[in-house]
Participant: 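Quick one: the structure is below, questions incoming.
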Number of protein chains: 2
Amino acid sequence: MRATIRDVARQAGVSIATVSRVMRDSETVRPETRDRVLAAAGDLEFVPSHLGRQLAERRHAANGIVFPDLSGPYYAEVVLGYEAVAAELGRSVLILSTRGRDDADDAVRAMAERCDGLVVVSGRTVDDDVVARLAARGTSLVLVARPPVDTVDSVNAENDASARALTRHLLDLGARRLVFVGDPSTSPDVAERLHGVQEALTEADVAADVEIRHVQNLDEQCGAEVVGDYLGRALPDAFVCANDELALGMLGRLRAAGVDLPSRVRVTGWDDVMAARYAGLTTVRQPMRELGATAARLLDELISGTRTHPRHELLPTQLVVRTSTTLGKETP
Amino acid sequence: MRATIRDVARQAGVSIATVSRVMRDSETVRPETRDRVLAAAGDLEFVPSHLGRQLAERRHAANGIVFPDLSGPYYAEVVLGYEAVAAELGRSVLILSTRGRDDADDAVRAMAERCDGLVVVSGRTVDDDVVARLAARGTSLVLVARPPVDTVDSVNAENDASARALTRHLLDLGARRLVFVGDPSTSPDVAERLHGVQEALTEADVAADVEIRHVQNLDEQCGAEVVGDYLGRALPDAFVCANDELALGMLGRLRAAGVDLPSRVRVTGWDDVMAARYAGLTTVRQPMRELGATAARLLDELISGTRTHPRHELLPTQLVVRTSTTLGKETP
DNA sequence: GATCGTCATGTAACCGGTTTCAGAGACCGG
DNA sequence: CCGGTCTCTGAAACCGGTTACATGACGATC
């Protein structure tokens, strides 16, 4: 069995209080005594138990993060940014993926019991009432890429401005008939993107319109299916997809059908995943790592009690133009 | 403040032992008493403290996983597979990324104090002596994608057979002068892959050779640089890269230089990341998720004491042929 | 009716730390 | 030489659970 604080105290001939003081060099201890304790601790290879310490301090020194999935670069980057900052702040990071878990709500609640606070990424993880109940219980919470709730901190990527920029880019290229691929009712992010597109069209001084094409999931297969539908009839000028995976699915199917891009049709995505670069996909880059990092900082403020009023951060995004819309100004 | 077991006991008019028994429905409690306790618990919204419980049980019910990075799909998938199985086994998962951390060794040791056991992924995370010291201390350990140590469990992906298959594939296509890109001294995985290539060449009934091209890092930039070097002189028949990122970097640079693939030169990678599919990269697919899942299961056996003798798992890999080597049998 | 076993529950020690408070000396000025 | 202050250390309570053991009630057995 590993040495405890009492073993060290006995060996050094002091009380456990003194050992505790030396280990966390809090109060003053006579150098001579300190040396004796340190010698005993080194001798016994004493490492203070986190459990004992945490119980006494009534804190976990750990943060949680809940996300739907880790495949695909989006969430992985968010988690990475989160972990980096949390570690800097001296906190461990607990992860919980809700994908394919039917007891996600319970799992999140269980996780909340093991952390000083947690971050919930994406609306596809747990229901709002779970979030509300956690918040009501006093759990420190930060929402990421999830519709803000007044009383709860949130971090989101800007959608509207980039959607407008993207749309103007397409209009500049002469595109007039757009098709937005994705279901705005599934996610507020998607709804905002669509909204930005529609606004840009309204503000434009040319006649242009956007059709909305709903899909089951935002994945490659659905993207391919959408292309299949359009191959029979006239292609629009551009497909504006709610995310990169949809767009990549479309690109693959279009290429297979021998449709030339960007002359016959243009395709855009959202996220700027790594594959988008190789596929030459015009898309919108999100500061994923920064989303996680910001969430970690906000959460730390909540936990440490530095701040009590909720904050809502909105991080900027950036249009990345590639060959799926124009050969003119390719960004490799 | 949240309710404790003593609050519940007082309200229900029983002792804390009885409450504990009800909460973990261990021993027999009279139904009537149980109902009283449950009512009180519900009333006070009592949730047993993990800290108290864990201290008493002297276990964390948490596992750790250490990896170098989470950007790029490789480690993310491993972590995902690990988390899924760990969650199934009722364990929380702590993560630790060592990238850009100069105190990685300490961080790993600190993490070990908070878990019942941990998985170390890749040799690029911490030194062998840290692993050895943890093992000596009795920490349950599983190594993933890291050179096996006799006494410590390990999970690795098969390298040799796939490297041979890959090489034979290139030989079949007529390639004779190969260049292996990557530094075999940095990682045993890379060394094994090179070894497989060399063996396949030796066994082949044609005259062929492989040159070894060392690189600083296994990333896209280095891949692009290697191409730059070769553009001046004669290109080999094929570049066999130690991973996909190198290969993708080469593909980009080759395409930019107007070199036609696969007619002028062939390129292969290793890992089968998502971008490889869009870049048409011939590569070797690793069962990344399964690596993580297997590690979680091995670790659970160690922690629960079901098994004491070390095991070394070797998971199969699979050659994926795409257009970077041949247009003949493209796998989309 | 005394003895015994069983069942339900309570008492108290324990897990390994932190922290409050009090006390023992050392030191100082008058 | 004495009272007061300061510095260092120890005793003990506490964090919130688990669990070995003790206890008491009750029914069964002879």
Side-chain angles (χ1 to χ4, degrees), chain A residues 1-41 44-62 90 92 110 112-116 137-138, chain B residues 1-41 44-62 90 92 110 112-116 137-138:
Chain A
M1 211 55 216
R2 282 178 23 186
T4 74
I5 198 172
R6 289 162 227 271
D7 299 327
V8 177
R10 196 178 315 121
Q11 171 137 352
V14 299
S15 74
I16 59 167
T18 300
V19 177
S20 175
R21 282 190 271 258
V22 170
M23 295 317 289
R24 45 204 341 269
D25 47 46
S26 51
E27 300 164 56
T28 55
V29 176
R30 195 154 52 105
E32 189 183 316
T33 312
R34 161 182 304 269
D35 290 347
R36 267 220 319 287
V37 171
L38 288 178
L44 299 170
E45 295 189 343
F46 172 64
V47 180
S49 149
H50 269 86
L51 287 179
R53 180 171 279 183
Q54 284 158 18
L55 180 58
E57 292 177 343
R58 273 180 287 180
R59 63 185 215 116
H60 300 265
S92 299
E113 294 298 318
R114 311 192 51 147
C115 311
D116 300 317
R137 233 182 131 69
Chain B
M1 210 55 215
R2 283 179 21 187
T4 74
I5 198 172
R6 288 162 228 270
D7 299 327
V8 177
R10 197 177 317 119
Q11 170 136 353
V14 298
S15 73
I16 59 167
T18 300
V19 177
S20 176
R21 283 190 270 258
V22 170
M23 295 317 290
R24 44 203 344 266
D25 48 47
S26 51
E27 299 165 56
T28 56
V29 176
R30 196 154 52 104
E32 190 183 316
T33 312
R34 159 182 305 267
D35 290 347
R36 268 216 323 285
V37 171
L38 287 177
L44 298 169
E45 296 189 342
F46 171 66
V47 181
S49 149
H50 269 86
L51 286 179
R53 182 171 277 182
Q54 285 157 20
L55 179 58
E57 291 178 343
R58 274 180 286 182
R59 64 188 213 115
H60 295 82
S92 298
E113 294 298 318
R114 311 192 51 147
C115 311
D116 300 317
R137 229 180 137 68

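All chains are named by letter (A, B, ...) in the order of the sequence lines, taking the proteins before the strands, and each is independently numbered beginning at 1.
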Participant: Please evaluate the base of C:dG16 for a donor-acceptor partner in the side chain of A:Arg2 within a cut-off of under 3.5 Å?
Facilitator: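 Between C:dG16 and A:Arg2, which were checked side chain against base, a qualifying N/O pair under 3.5 Å is absent.
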Participant: What is the distance, rounded to the nearest whole Å, between atom CZ of A:Phe46 and atom P of C:dG16?
Facilitator: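 Going from CZ in A:Phe46 over to P in C:dG16 covers 10 Å.
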Participant: Could you tell me which non-hydrogen atom of B:Leu44 sits nearest to which non-hydrogen atom of B:Gln11, and how far apart they are?
Facilitator: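 The answer is CD2-OE1, 3.6 Å.
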Participant: Distance-only, no hydrogens or angles: does the B:Asp7 side chain make a donor-acceptor pair with backbone N or O of B:Thr4 under 3.5 Å?
Facilitator: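 Between the backbone of B:Thr4 and the side chain of B:Asp7 there is a qualifying donor-acceptor contact (under 3.5 Å).
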Participant: In terms of side-chain geometry, is the basic nitrogen of B:Arg2 or A:Glu113 positioned less than 4.0 Å from the acidic oxygen of its partner?
Facilitator: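 The answer is yes: the pair qualifies as a salt bridge.
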Participant: Rounding to an integer number of Å, can you tell me how far A:Ile5 CD1 sits from C:dT19 P?
Facilitator: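 Atom CD1 in A:Ile5 sits about 11 Å away from atom P in C:dT19.
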Participant: Send over the distance from A:Leu51 CG to D:dT18 P, rounded to a whole Å.
Facilitator: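 For the pair A:Leu51 CG and D:dT18 P, the rounded distance is 14 Å.
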Participant: Side chain of B:Ala56, heavy atoms from C-beta onward: which of C:dA8, D:dT18, C:dT18 has the nearest atom to it?
Facilitator: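 Minimum distance to the B:Ala56 side chain belongs to D:dT18.
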Participant: Can you tell which of D:dA20, C:dT18, D:dT18 lies closest to the side chain of B:Glu57?
Facilitator: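 Of the options given, the side chain of B:Glu57 lies nearest D:dT18.
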Participant: For a 4.5 angstrom cut-off between non-hydrogen side-chain atoms, does B:Met23 reach B:Val8?
Facilitator: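 Counting from C-beta outward, B:Met23 and B:Val8 never come under 4.5 Å.
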Participant: A:His60 NE2 to D:dG16 C1': how many Å, rounded?
Facilitator: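 That distance rounds to 11 Å.
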Participant: Rounded to whole angstroms, how far apart are CE on B:Met23 and P on D:dT18?
Facilitator: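 Interatomic distance, CE of B:Met23 to P of D:dT18: 9 Å.
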Participant: How close do B:Ser15 and B:Ala9 get, counting heavy atoms only, and between which atoms?
Facilitator: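 Minimum heavy-atom contact is C-CB, 3.8 Å.
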Participant: What is the distance, rounded to the nearest whole Å, between atom CZ of B:Arg53 and atom P of D:dT19?
Facilitator: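 The distance from CZ of B:Arg53 to P of D:dT19 comes to 10 Å, rounded to the nearest Å.
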Participant: For B:Arg59 and D:dT19, give me the distance from atom CZ to atom P, rounded to whole Å.
Facilitator: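 So the CZ-P distance, B:Arg59 to D:dT19, works out to 10 Å.
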Participant: Hey, does the side-chain of A:Arg58 have a donor or acceptor N/O within less than 3.5 Å of a partner on the base of C:dG17?
Facilitator: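 There is none.
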Participant: Could you tell me the separation between the CZ atom of A:Arg24 and the C1' atom of C:dG16, rounded to a whole number of Å?
Facilitator: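 Value for this atom pair: 13 Å.
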Participant: Looking at every strand, decide which applies to B:Val19 at a 4.0 Å heavy-atom threshold: base, sugar-phosphate, or nothing.
Facilitator: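 No contact.
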Participant: Assign each of B:Pro31 and B:Leu55 to its nearest nucleotide of DNA chain C by heavy atoms, then name whichever residue's nucleotide is nearer the 5' end.
Facilitator: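 With B:Pro31 and B:Leu55 compared, the 5'-side residue is B:Pro31.
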Participant: Looking at residues at least two apart in the chain, or sitting in another chain, which of them share a side-chain hydrogen bond (donor to acceptor under 3.5 Å, both in side chains) with B:Glu45?
Facilitator: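 With sequence neighbours excluded, B:Glu45 shows a side-chain hydrogen bond (donor to acceptor under 3.5 Å, both in side chains) to no residue whatsoever.
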Participant: Under the side-chain hydrogen bond (donor to acceptor under 3.5 Å, both in side chains) rule, collect the residues that match up with B:Arg59, sequence neighbours excluded.
Facilitator: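 In terms of side-chain hydrogen bond (donor to acceptor under 3.5 Å, both in side chains), with neighbours along the sequence ignored, B:Arg59 is linked to B:Glu57.
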Participant: Would you tell me if any nitrogen or oxygen in the side chain of A:Thr18 comes within less than 4.0 Å of OP1 or OP2 on D:dT9?
Facilitator: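 No, no such contact exists.
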Participant: Could you check which residues of residues 6-17 of chain B get a heavy atom under 4.0 Å from DNA chain D? Sort them by number, please.
Facilitator: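 Listed by number, they are B:Arg6, B:Ile16, B:Ala17.
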Participant: Strictly below 4.0 Å: does B:Arg30 bring a side-chain N or O up to OP1 or OP2 of C:dC7?
Facilitator: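 Answer is no, no contact under 4.0 Å.
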Participant: So, does A:His60 use its side chain to make a donor-acceptor pair with the main chain of A:Asp116 at under 3.5 Å?
Facilitator: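 The answer is no, because no donor-acceptor pair under 3.5 Å joins these two groups.
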Participant: Less than 4.0 angstrom between a side-chain N/O of A:Arg21 and OP1 or OP2 of C:dT19, yes or no?
Facilitator: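 False: A:Arg21 side-chain N/O out of range (4.0 Å or more) of C:dT19 OP1/OP2.
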Participant: Is the distance from OP1 or OP2 of D:dG17 to the nearest side-chain N or O of B:Ser20 less than 4.0 Å?
Facilitator: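 Checking D:dG17 against B:Ser20, no side-chain N or O comes under 4.0 Å of OP1 or OP2.
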